[in-house]
Structures are given as structure tokens and as C-alpha cells.
Amino acid sequence: MDFFERQDKARRNTKLLVFYFVLAVLSLLLAVNLTVSLVLAGFGNYGLMIWKSNPISSGTEQLPWSQAELLFCVTIGTLAVILTGSVVKTLQLTGGGSAVAELLDGRLVNPNTSDADERRLLNVVEEMSIASGVPVPQVYVMDGEAGINAFAAGHSASDAAIGVTLGCAKMLSRDELQGVIAHEFSHILNGDMRLNLRLMGLVFGILCLTVIGRILIRARRGKFPLPLIGLALIIIGWAGVFFGRLIQAAVSRQREALADASAVQFTRNPAGLSGALKKILIYGSRIDSPHAEEASHLFFANGLDNSLFATHPLLTERIRALRPSLDGKFPRVIQQPTPAISPASEAPQPPHPPQIPRFPVVQTEAHRFTPPFITEHAVVANVGQATRQHLRYAVDFHQAIPPVLQVASRDPLGAGALVCAFLLASDPSTRQKQLENLDCATSDSIREEIMRIWHAIQGMPQQARIPLVDLALPALRRLSPQQFEQFRATTEKLVASKAETDLFVYMLRKIVVRHLERNFFPQQRPITQFYALRPLAPDCGALLSAAAYAGQRNITEAYAAFAQGAESLNRAAHCEIPWLPPDQCDLSRVDAALARLSQAVPQIKKNVLSACAQTVAADDVIQEGEAELLRTIADALDCPVPPFVQSQETSAPAAPEA
């Protein structure tokens, strides 16, 4: 399956999840009504009365209800409890992966950490992000968990978080840790995270019956048997736990096996992943958090004791699938103290911009993977398909980043200056005008920092910009809301101040702002609204027209490029995709078009991205800048495209330890 088929399957699994949830709720309602009926039969007339104090007399007044009326009220009340619990938990998880990590007592890892294990963890996550084209997620460590486990959570790649236990960070080798993180990234790429968060919300509603039962047990005893009803609700609530675990197992087990296979395809190192699973056999993967049960389907391995409805396949089955020659011998791990390393923020910085080293990526091993040309079919085929070549490229790229840019990407204000430096024009007069427009929006020190970083990125190949922007996102998420508003306004001014429209620069800024907006305004997540291409024809016209103008020298060539890309969309939409003049497909129109297209089903996104690739490749070649433009368009459609590298099989260099 390709990326879009996996996304479609995730959507279908969501519908299946809702079906399971409805069945579970109906079963619980039946059990509650049966329990109440038995209680009423056992307590006679008392069960058909509601006792209420009479304010006029000192006696009581009986309000008889029929059994049918009482059962109807019980049904409505039970349904209200379940739905309210599900809604409350879903709202609690609006913050995405960070909300789940904090629920499980995770600690956000500082990008400038001096802990060697945490630095290694961050490096592995950053390399995986560069290789897969996914924004760098936030990384959490669960300090109170000694077992070996991990999870990925979030509604999308924009608000994703990866959490690992302390045992996972300290007891695994780099290859084993890389296998675990690759497994979690496959959940991000396969669309599992959104499904898992919805599952958490629905299952919690089912578990709420036990909470009501505990309240009723502590209620004042009277003629109406509230404590007995409470005990019954607790028992029924555990039946809800049964249904919840059953749903978790049904949804989760197959996807865990798929994630293992995807991780091996990613790293081409089954020994790393199987080694991590072997160590779990020895040291365990139990999660002691009180919220472990509701999040059990998120974890890399079973977070609870093994049971009939375990959310993961057996460890031995997973190991044999990766390493058929399992010998059953598992060496014990002897933890060695890891020396602290100096944080990147303490690295020496050159005092003058001219002394800042140039970006050396073109001289590194990463350059030899860059393909001499890129075909239009490679763009769509590469979506969500990270391989070992991409990972090798990412390791080389990560090592090639100069210290001054590493420092900037890990500091909130430095990361903002890095993004602003990318938006500056190469023309001196235009660049000076851009900086003058920032006089009211920023301080002198920030403008000096922008220029200092601008000198550092001169000579950098265009293919390095998107990875560096992705690496800066974790630091930018640490901005305060006021700082983010200032950053957003600053970048908007820089783009608007350019004399000529630069679609790539605009899209680069859109990548940053779009991912950050989902962090600062989580309620603005896009939802699927378009299941047919026809209503989106004007938006496709604006996007294809803008892409055609950006890649061609004159309007005649631009129209020919547009026609080539629009041909397939005309058939899919059963209507004509409109060709727009330049003034009708400006940046604001493209922005609105991408916002609507991002709300379409995966197959529509695939068709649109393919049409964009055909438009750019109308002259039979996709240049490096055009390829990076296609990557930014794909990112805006939530379709991560890895870097374009040669698919040659050579021996992989040894990965560094930190």
C-alpha cells in the first residue's frame, strides 16, 4: 500500500471504531437496564418510587413511576454519562501529542540538554524527521517508568509527540533506539495517531460508569438501594473495561505488526528492532501510570500485564517475524554511567559574520545521494515512503549542520531568526527594504541576529532549507503566545516586502506558521469536508496556475505547463479546471486554495499533488528548486515527502552514538 491507501484505510478503521463503540454502548445499556430490572423485582414497590421531602408537612410524598418510565430514565442517564465522558476526554486531548504525554507524566526534553542519553534520543528523532519529511515532533521522557516502552501521539504530524520511558532511553543501544523510533514514526506516517486519540476518548466514556458506581456506593443509605445500584454499575463498568480492551485489541494488533514491518523497511536493520523487543522480554514494558489502561493501545509494547485482550502481538511472535532464527538467548544489559556533554548553547560563536563557516552539505556524503534528475512519478511515489537511503542522507545532513545553525535551531528566538533569514531576498536593496519594514516590529538585536544567520546560510543548497525549518519547529513551539503572534507578523511582513512573488519562500513560511498554529490554536485542526474533486476545481486552478507561473519563463509556456497538469484533474473532477491570470492566483488566493484542499480525502490530495508534479515537469525536468517547491505544497496537504535521493543500495555508514 502507498501512503494514500494507508490514510484511506485509517479513515475506514475510524468508521469501524465508531461501529464497535456503538455496539459496546448498546451492550452496556442492555446490561444496566437488566440490572435495574432485577433490583426492582427484588425490592418490590420501593423500586418504583422516588422519595422526596414535603416542604409543607413533616412526612414524605410518594411519586410512583412505571417501570418502563424508570428504565427509560436510566437509559438516558447512562447514555449521557458515556457520551459526556467521551466528549470531556476528547476535549482534554485537543492539544494533541503533548496532552497525552503530560497525561502520562512525561517531561519535555530540552533541545539543549546536557544528558548524553537524551541528546542521543533527540538526534535519532531529528534524523528520522529529516528522512521522512515530517516536522520534528516534541520529545518526552517518562522519568517514573523503568520499563522499556514508547509511544507516538497526536492528531497530525503538526502536533505529534514521541514519548519514551526512562528505561527505553537508557537501556537500548542506538540501533535499538532507532528501531523503536522508526516504529513510532510509521504510526505517524500511517495515520494511526488520530485513530488512537479517538479511541482514547471513546473508551474513557465507557469507563465512566465505574466512577458513577463509586459515587453511589458512598451515598446515604435509604429505602431506595443506591449503594446496590452503585455496586452493579461498578460491575457493569468493568464490563465496559472488557469492551474497551476488546476494541483496543481489535484496532491495535494488526497496526502494530504493520508498524514493525514499516520500521524495518525504513532502517533496513531488523536486528535493531528485534534487539529492543528481546530486552523487553527481559526487563518488561509495564507502564505504572494510572492512565496506562486508557492509553495502552498507544505503546510500543504492552503497557499492562498480558491478558486475553492484549493490544499487541506476543513479543516472541514479533521477534520471529523480524528474525526467524531466534535462538532464545538474551544477554543482560549492564548500564554504564554516561558522561554529560556540553549543551549546544555553550558552543563558541564567532564574533563577526564573515567568519561564520559556510554550510558544507554539498561537500558531505549526503550530496552523493542527490539524484541528477527527478521524475514527476517520483514525487507522488515518495510520499510517506521513507527508506534506508533517506535515513543515511539524514544522518549525513545532521552531522553537516554548522554549530552556529544548530545553536539557532534549538533556541526559540534563534529559531525565529533562522526562519526570517530564509525569507530575506538575495537582492541587497530589497533585503534592506525588508529589514527597514521590521523597525517597528522587532528590536535591533533581533535584526542583527537575523543578519548574522543570513550570512551563515549563504551558499546553502535549496534542499537544506526545509530540513532546517523542520528542526527549528520544536524550539519555536516554546514561544509564548505573544511571541508567536509577533513572529507570525514579522514573517508576513518579510514575504510581503519582496518586490517579486517567490512561491517557494511563501510556501516555506507557510510550513512554519501552519505547524505552529496547530500548536498554539489546537482547535483549528482541519477536518475532512470534501469527498469529491468537483467543488475544489477553482482551488485546483489557482494552485496549478501559480505553480505554472513559478516554473516557466513566459505566459505561453506557463499555459502549456498548466494544461499538462490539469488534464488528469479535468477527468477526475468531470469539469474544466480554470486557468487563471497572474492577478487572480496571487499568494492569498493560493493560501485559501491550499486550506480547502487540505480538507479533502487522501485520494483527492494524491490527484492534486500528481497534477502539480506534471505541471512543474512540463519541460521534461524537475530542477532542485522545483522539487523543493513540490515538497512544500505536499506538506501543506499533509502529505510528507522525504528528500529526493538516489535509490542505490550501498553499505550504510555506522551511525554515531550521539
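Nothing fancy with the numbering, it's 1 onward along the sequence.
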Handout entry: Test log, rule side-chain contact (heavy atoms from CB on, under 4.5 Å), inputs Met507 and Arg631
Key = CA-CA 9 Å; Met507 292 299 300; Arg631 289 188 68 198; over 6 Å; no
Handout entry: Derivation of the side-chain contact (heavy atoms from CB on, under 4.5 Å) call for Ser409 and Leu468
Key = CA-CA 7 Å; Ser409 66; Leu468 279 173; 5.6 Å; no
Handout entry: Test log, rule side-chain hydrogen bond (donor to acceptor under 3.5 Å, both in side chains), inputs Asp427 and Ser429
Key = CA-CA 6 Å; Asp427 176 64; Ser429 59; 2.5 Å; yes
Practice task
Check the pair Leu121 / Val141 against side-chain contact (heavy atoms from CB on, under 4.5 Å), numbers first and verdict last.
Solution key: CA-CA 10 Å; Leu121 171 63; Val141 172; 4.0 Å; yes
Exercise for the section: Start with the C-alpha distance between Gln463 and Phe644, add both sets of side-chain angles, then the distance that settles side-chain contact (heavy atoms from CB on, under 4.5 Å), and finish with yes or no. Expected result: CA-CA 9 Å; Gln463 66 183 26; Phe644 293 104; over 6 Å; no
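Without hydrogens or angle criteria, Arg194 side chain to His155 main chain gives a donor-acceptor distance under 3.5 Å. A donor-acceptor pair is defined here as one N or O able to donate and one able to accept, closer than 3.5 Å; such a pair exists between the side chain of Gln406 and the backbone of Ile401. In this structure a side-chain-to-backbone donor-acceptor pair under 3.5 Å is present from Gln458 to Trp454. For His398 (side chain) and Val395 (main-chain N/O), no donor-acceptor pair under 3.5 Å exists by modelled atom type. Between the Ser610 side chain and the Lys606 main chain, no donor and acceptor come within less than 3.5 Å of each other. At distances below 3.5 Å, at least one donor-acceptor pair connects side-chain atoms of Arg119 with backbone N or O atoms of Pro111. Checking side-chain atoms of Thr165 against main-chain N and O of Asn149 turns up a donor-acceptor pair under 3.5 Å. Remark: side-chain polar atoms of Arg120 are paired, donor with acceptor, to backbone N or O of Ala169 under 3.5 angstrom. Between the side chain of Arg410 and the main chain of Val407, no donor-acceptor pair closer than 3.5 Å is present.
Contact of the Leu189 side chain with the Ser132 side chain is registered, since non-hydrogen atoms from C-beta on lie closer than 4.5 Å. Here the side chains of His390 and Pro643 are in contact, with some heavy-atom distance below 4.5 Å. In this structure, Asp635 and Ile466 have side chains that are not in contact, with every pair of non-hydrogen atoms separated by 4.5 Å or more. Residues Met460 and Leu405 have side chains in contact (heavy-atom distance under 4.5 Å, counting atoms from C-beta outward). Here the side chains of Leu471 and Ile130 are in contact, with some heavy-atom distance below 4.5 Å. Side-chain contact between Glu448 and Met451: absent, with no pair of heavy atoms (C-beta onward) separated by less than 4.5 Å. The shortest distance between side-chain heavy atoms of Thr632 and Leu629 falls below 4.5 Å. Looking at heavy atoms from C-beta onward, Phe397 lies in side-chain contact with Pro467 at the 4.5 angstrom threshold.
For the pair Asp117 and Lys170, the tightest heavy-atom approach, listed with the atom from each and the gap, is OD2-NZ, 3.1 Å. Residue Ser426 comes nearest to Arg431 through the heavy atom pair O-NH1, 3.0 Å, listed as atom of the first residue, atom of the second, then distance. Here the closest heavy-atom approach between residue Ile162 and residue Ala152 is recorded as CG1-CB, 4.3 Å. Across Gln265 and Gln385, no two heavy atoms sit closer than the pair NE2-OE1, 3.9 Å. When all heavy atoms of Leu476 and Gly416 are compared, the pair lying nearest together is CD2-N, 3.5 Å. Glu127 approaches Arg174 most closely through the heavy-atom pair OE2-NH2, 2.9 Å.
Sorted by first and then second residue, the salt bridge (Lys or Arg N to Asp or Glu O under 4.0 Å) pairs involving residues 461-487 (not counting sequence neighbours) are Glu485-Arg488.
Rounded to the nearest 0.5 angstrom, Cys168 SG and Leu177 CG are separated by 5.5 Å. One finds the SG atom of Cys540 at 10.0 Å from the CZ atom of Arg596 (value rounded to the nearest 0.5 Å). To the nearest 0.5 angstrom, Lys510 atom NZ is 12.0 Å from Thr491 atom OG1. A distance of 6.0 Å separates OG1 of Thr267 from CD of Gln178, quoted to the nearest 0.5 Å. To the nearest 0.5 Å, atoms OG (Ser98) and CG (Leu93) are separated by 10.0 Å. Expressed to the nearest 0.5 Å, how far CG of Leu597 lies from CD1 of Ile604 amounts to 8.5 Å.
Under the rule for a side chain to side chain donor-acceptor pair (under 3.5 Å), the partners of His187 that lie at least two apart in sequence or sit in another chain are His183, Asp192, Glu256.
For the residue pair Ser588/Asp586, the side-chain donor-acceptor check at 3.5 Å is satisfied. With no hydrogens or angles considered, no side-chain donor-acceptor pair links Thr430 and Gln434 at under 3.5 Å. When only modelled atom types and interatomic distance are considered, Asp115 and Thr113 share no side-chain donor-acceptor pair under 3.5 Å.
Considering Asp638, Asp159, Asp591 as possible partners of Arg514, the one that fulfils the salt bridge (Lys or Arg N to Asp or Glu O under 4.0 Å) test is Asp638.
Look at Lys433 and Glu436 and you find no salt bridge, because none of the NZ, NE, NH1 or NH2 atoms lies under 4.0 Å from a carboxylate O.
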